[in-house]
There are 4 protein chains.
Amino acid sequence: MTHTTKTRIVEAALSLFVRKGVIQTTTKDIAAAAGIAEGTIYRHFESKDALVEHLFVANYVPLAKTLDTIQRRSATTMRKLESIVRHLYKMFDDDPTLFTFMLITQHDAVDKVPAGTTTPVAVVRKIIKEGMKQGSVRTMDPQTATHLAVGLILQPASAQIHGELSGPLSQRANDVVTALDRLLRP
Amino acid sequence: MTHTTKTRIVEAALSLFVRKGVIQTTTKDIAAAAGIAEGTIYRHFESKDALVEHLFVANYVPLAKTLDTIQRRSATTMRKLESIVRHLYKMFDDDPTLFTFMLITQHDAVDKVPAGTTTPVAVVRKIIKEGMKQGSVRTMDPQTATHLAVGLILQPASAQIHGELSGPLSQRANDVVTALDRLLRP
Amino acid sequence: MTHTTKTRIVEAALSLFVRKGVIQTTTKDIAAAAGIAEGTIYRHFESKDALVEHLFVANYVPLAKTLDTIQRRSATTMRKLESIVRHLYKMFDDDPTLFTFMLITQHDAVDKVPAGTTTPVAVVRKIIKEGMKQGSVRTMDPQTATHLAVGLILQPASAQIHGELSGPLSQRANDVVTALDRLLRP
Amino acid sequence: MTHTTKTRIVEAALSLFVRKGVIQTTTKDIAAAAGIAEGTIYRHFESKDALVEHLFVANYVPLAKTLDTIQRRSATTMRKLESIVRHLYKMFDDDPTLFTFMLITQHDAVDKVPAGTTTPVAVVRKIIKEGMKQGSVRTMDPQTATHLAVGLILQPASAQIHGELSGPLSQRANDVVTALDRLLRP
DNA sequence: GATGAATGAGAATTCATTCAT
DNA sequence: AATGAATGAATTCTCATTCAT
């Protein structure tokens with residue numbers, strides 16, 4: 001079946017974590033939302049913390065890999081960034097909950113990611129650094145450039161989550177790509 | 001005296017909230033850090049929530065006013081934005097704790113701000129909209145433009161907080177202003 | 001087969017009960033150690049309590065009978081006690097786990113023994129009382145005498161269990177028999 | 001006042017631990033017996049474990065010191081042991097609960113005693129060893145001798161606790177002292 | 001105003017037991 | 001007989017809040 005107990009726990013937890021925050025969500029909440037007994041959570045996850053970690057790592061690390069794969073398929077720096085933006089925004093539109101979860105847990109959960117693992121931010125940094133070498137990105141501090149680019153990409157998602165923007169995020173992709181181009185071109 | 005009990009509570013709370021998060025900070029923690037008894041907190045604030053709200057509102061609303069005042073003193077769109085960036089980054093360098101607190105509580109606390117109050121984001125939006133009218137900002141969706149600009153401004157602060165950038169934030173102001181100019185100019 | 005499921009449960013439980021204590025041993029522990037599913041325990045025992053009771057009664061009552069049989073084979077009071085000491089200490093050396101289990105559950109489990117059943121302590125008491133009648137044991141309160149004798153017999157076992165004595169317990173038999181002789185002779 | 005909250009917790013816990021066992025006694029039980037809220041326990045002890053440890057260490061270590069002091073006041077080996085037996089049995093009669101608690105937690109709690117601390121058993125061992133040197137105790141393995149003596153001393157207490165002996169334990173002191181004399185004299 | 005002991009409503013977690021397969 | 005997922009009551013511990021002093 002597609003709805004195993006574990007799946008139901010994961011989905012219930014994800015939705016609640018996003019709506020109420022991780023700490024404010026109790027195991028009782030999760031059990032109720034998943035339609036199971038509280039103790040059942042512990043048949044599938046060692047602890048609430050382990051559940052959070054699972055949710056994050058199981059999605060964050062693969063995302064980085066996917067972004068890296070996607071980026072390789074495009075030739076130019078701007079095409080690479082464009083494909084990343086489109087992929088992320090489509091992901092957001094398809095499953096805003098999952099995307100939001102990653103966005104809000106990002107900083108707390110970073111230390112749970114095995115050291116040395118590629119992150120989405122690292123993929124963006126790599127593209128920008130290569131672009132500078134080739135001359136397709138203007139010369140500036142690569143770390144600053146990366147964070148400015150990431151800011152441009154994530155802020156619309158963040159605004160959407162907090163109700164300050166509406167409609168599919170994919171609609172904003174063109175604007176963001178244009179902004180990235182203006183930000184980075186020599 | 002400058003160090004009234006209330007001040008000590010506020011300072012202790014602010015520092016702890018930023019270091020450990022609002023929920024993870026207990027009233028016991030705050031009392032210990034402030035060197036007072038736990039019960040004393042309730043002489044000055046109705047509840048922990050009220051303390052959080054006070055901390056946010058007492059700083060967020062005045063900040064918006066200050067930013068508005070500052071922006072009025074400059075003539076052009078870009079000067080306005082530049083002065084805002086410089087003010088914010090100086091604020092960050094002077095009191096990273098306060099700035100960080102506002103950044104992290106921003107979204108949870110927004111509903112605690114009296115409706116209709118001007119916010120920092122609203123100030124940026126106003127500048128951009130006026131710029132568009134005058135032709136000093138290229139034509140695009142003003143809401144998107146605002147969020148892209150805010151993303152550019154805040155991401156370096158966020159990166160600094162999470163240890164991904166270092167050194168005074170003021171050093172980054174030029175880069176950010178340049179980025180804003182590239183993003184917005186016609 | 002010698003290793004039926006029930007046997008494996010019994011052996012796993014005994015070993016864990018002795019090592020970790022009855023309460024601290026979970027049914028999960030037992031199942032894991034026995035290499036079976038948790039539910040399977042309940043095919044063979046009504047409850048964890050019933051398992052404990054089985055373990056105790058199945059060994060404690062027969063032991064009392066064995067000790068009684070052994071004691072009958074010897075002629076004098078001291079020979080009787082000596083044969084009991086040697087039997088117990090050999091039992092300890094052969095299967096310290098089983099012996100230890102009986103020693104530690106002794107007091108909690110006593111009420112689980114069918115009323116009127118002969119216990120090992122009762123066997124010792126009988127020997128001493130008969131000895132007093134015949135004049136081979138000095139006159140004193142028989143109940144006190146019994147407990148002093150039992151104390152002499154069991155303390156070395158207890159010390160061994162708790163790591164305060166080492167080497168085969170059988171080696172101590174002579175010392176204990178001498179002590180019993182000094183304690184009891186007229 | 002003599003009945004501070006902490007005292008009430010300690011007394012309630014002691015009594016329950018002895019009656020039901022440490023693990024079977026819940027913090028809820030303790031709070032109910034002490035007439036306080038469950039959370040209040042944690043104002044006075046870090047955890048249930050810490051409470052158990054406190055109860056043991058706060059009584060076991062001083063007891064050893066007291067026994068040592070008492071033993072010094074007597075001249076001969078047998079007088080020393082006699083005074084110890086009388087002190088212990090009086091203690092038992094005065095506060096059977098405390099004595100019982102120490103007896104039942106003895107082995108589990110030993111590792112909680114700071115290494116190198118004198119224990120009651122060590123006091124007995126010292127007396128016996130000195131006795132052997134002086135020739136007032138017959139030659140035998142001192143460790144075995146110690147445990148046999150301890151067995152003689154404690155078994156009546158143990159029997160009393162489990163309802164197999166009744167009346168003041170002090171009444172048994174003479175019998176036990178005689179038994180020790182028979183056991184140890186050359 | 002200040003204290004700090006006490007509260008009690010939950011929070012996460014454990015575990016003996018059940019039951020459909 | 002055996003399984004193992006699921007249960008839910010019970011357990012330890014936390015913490016914002018109250019209140020007599």
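A note on names: the letters A, B, ... follow the listed sequences, proteins ahead of strands, and every chain is numbered from 1.
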* Structure fact -> When Arg43(B) and Glu46(D) are each assigned the nearest nucleotide of DNA chain F, the 5'-most assignment goes to Glu46(D)

* To do: Evaluate the ring planes of Phe92(D) and Phe99(D), with Trp represented by its six-membered ring, and classify them as parallel (under 30°), tilted (30 to 60°) or perpendicular (over 60°).
  => perpendicular

* Lys NZ or Arg CZ of Lys6(B) over Phe45(B) ring: under 6.0 Å, within 45° -> yes

* Whole-Å gap separating P (dT11(F)) and CG (Asp49(D)) -> 16 Å

* Quick one: Leu16(C) CG to dC15(E) P, roughly how many Å, whole number? -> 13 Å

* Given that Gly39(C) and Lys6(D) both sit by DNA chain E, which one's nearest nucleotide is further toward the 5' end? -> Lys6(D)

* **Minimum-distance nucleotide (side-chain atoms of Glu38(B) versus dA6(F), dA16(F), dT3(F))** => dA16(F)

* Asked: Donor-acceptor pair, His162(B) side chain versus Ser158(B) backbone, under 3.5 Å?
  -> yes

* Asked: Does Lys48(D) make a cation-pi contact with Tyr42(D) (under 6.0 Å, within 45 degrees of the axis)?
  -> no

* **Nearest-Å distance for atom pair NZ/C1', residues Lys48(D) and dT14(E)** => 13 Å

* Expected output: side-chain Thr100(A) to main-chain Pro96(A) donor-acceptor under 3.5 Å -> yes

* Can you check whether Met91(B)'s main-chain N or O pairs, donor with acceptor, with Asp94(B)'s side chain at less than 3.5 Å? -> no

* **Nearest-angstrom distance from the residue atom CZ of Arg8(B) to C1' of dG1(E)** => 14 Å

* Does the Asn59(B) side chain pair with the main chain of Leu55(B), one donor and one acceptor, at a distance under 3.5 Å? -> yes

* Looking across every strand, which nucleic acid part, if any, lies under 4.0 Å from Ile36(C) by heavy atom: base, sugar-phosphate, or nothing? -> sugar-phosphate

* Tyr42(A) side chain: which of dT7(F), dA12(E), dA16(F) is closest? -> dA12(E)

* Taking Thr117(A) for the side chain and Val113(A) for the main chain, is one N or O donor matched with an acceptor at less than 3.5 Å? -> no

* Rounded to the nearest angstrom, tell me the gap between atom CD1 in Ile41(D) and atom C1' in dT14(F). => 13 Å

* To do: Whole angstrom is fine here: how far is it from CZ in Phe45(D) over to P in dA6(E)?
  => 12 Å

* **Short side-chain N/O contact to dG1(E) OP1/OP2 from Thr5(B), under 4.0 Å** => no

* Asked: Which nucleotide in the set dT7(F), dA2(E), dA2(F) lies at the smallest distance from any side-chain heavy atom of His44(C)?
  -> dA2(F)

* Pick base, sugar-phosphate or nothing for Thr26(C), based on heavy-atom distances below 4.0 Å to the nucleic acid. => sugar-phosphate

* Hey, does Thr27(B) reach any base, or is it just sugar-phosphate, or nothing, if we go heavy atoms under 4.0 Å? -> base

* Note every stem involving DNA chain F: at least three consecutive Watson-Crick or G-U wobble pairs, i with j then i+1 with j-1, with both distances under 3.5 Å. => E:2-21 with F:2-21

* To do: Answer yes or no: does a side-chain N or O of Ser47(B) lie under 4.0 Å from OP1 or OP2 of dA16(F)?
  => no

* Given dC13(F), dA16(E), dG8(F), the nucleotide with the shortest approach to the side chain of Ala37(A) -> dG8(F)

* To do: Can you tell me the distance, in whole Å, between the CD atom of Gln24(C) and the P atom of dT11(F)?
  => 15 Å

* Lys28(D) NZ to dG10(E) C1', straight-line distance once rounded to whole Å -> 13 Å

